[in-house]
Amino acid sequence: MPTLHAHPFSSYCQKVITALHEHGLDFTFRELAIGDEEADAEFGRLWPLKRMPVLVDGDRTVAESSIIIEYLGVVLGGPAPLIPSDPVAALDVRFMDRVFDNYVMAPVQMIVFDAMRSDEARDPQGVDRSRALLDQAYAWLDDRMAGRTWACGDAFSLADCAAAPSLFYADWTHEIGDRFPAVRAYRSRLLARPSFARAVDAARPYRSFFPLGAPDRD
Ligand SMILES: N[C@@H](CCC(=O)N[C@@H](CS)C(=O)NCC(=O)O)C(=O)O
């Protein structure tokens, strides 16, 4: 059984946990709890850049959420084809995965990490730029999602695994306004997807960790 070194409240960990549930794969959860020095040291030996999650399968260590999800498909199998077998369709899935990581999750992380800093260390310009990028991403996604169920059409994919925690936390960080109805509806569909709903439920006890204050919903 593979081991996932992760934290339930982390967005990139939820992305991979959603994929594991889609595949119906059992795994051992090695929680990277704050203050657990032993887990942290073990994690640093596995992946010196220390970005969660990391999957260990036998003597293989796999880092980076998208690569872990690709690995689940090609090595560990399971019923969920999260990457289409058609190579051109697969490009669209990988493109949307990059969109959610780079243009939704990255600005969300910037704003959230900024909120954890002392007043003197804050970067208001960076926060403004990140909020503007989120607005641009929401507008682009609203057009893209009109008439679609999932990010790349009818099949739930890697891109939706990336979208789920990205849009979940994005709405908490920089609200997805009424002018983006297709993005809001997509976020609701993602929250209703059993694989992601399970990841969200497992993270409920940690909501007080959210530096901007978790809203009383979802
Ligand atoms: N590109 C990485 C990003 C992973 C990442 O940023 N993980 C966050 C948690 S959501 C993390 O480990 N942050 C620790 C830090 O920034 O020191 C991936 O896709 O796995």
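Since this is a predicted model, take the numbers as computed values, not measurements. When a ligand or atom number is given, it counts from 1 through the structure's own listing order.
Residue contacts with ligand 1 for K15 are absent, since no atom lies close enough (heavy atoms, distance under 4.0 Å).
The six-membered or imidazole ring of F29 lies away from that of H5, with a centre-to-centre distance of 6.0 Å or more. Aromatic pair W172/F168: ring centres closer than 6.0 Å.
For ligand 1, the polar-atom distance check against E64 finds a nitrogen or oxygen pair separated by under 3.5 Å. Residue-to-ligand polar distances keep P53 apart from ligand 1: every N/O pair is separated by 3.5 Å or more. For ligand 1, none of its N or O atoms has an N or O atom of S66 under 3.5 Å away.
Looking at atom 17 (O) of ligand 1, its nearest protein heavy atom turns out to be R51 NH1, 3.6 Å. Among all non-hydrogen protein atoms, the one lying nearest atom 19 (O) of ligand 1 is S65 OG, 2.6 Å. Annotation: atom 6 (O) of ligand 1 to nearest protein heavy atom, Q109 NE2, 3.2 Å. At the shortest separation from atom 9 (C) of ligand 1 among protein heavy atoms lies S10 OG, 3.5 Å. If you check which protein heavy atom lies closest to atom 7 (N) of ligand 1, you get M52 O, 2.9 Å.
Each of the atoms 10 (S) of ligand 1 lies under 4.0 Å from some heavy atom of S11.
Contact record, M116 with P211: CG-CG, 3.4 Å, taken as the closest heavy-atom pair. Heavy-atom minimum distance, T18 versus A199: OG1-CB, 4.2 Å.
Between H21 and F27, the angle of the ring planes lies from 30° to 60°, which puts this pair in the tilted group.
Considering D36, V54, V56 in turn, D36 is the only one that fulfils the side-chain contact (heavy atoms from CB on, under 4.5 Å) rule with R30.
No hydrogens or angles considered: a donor-acceptor pair under 3.5 Å links the side chains of Y169 and Q14.
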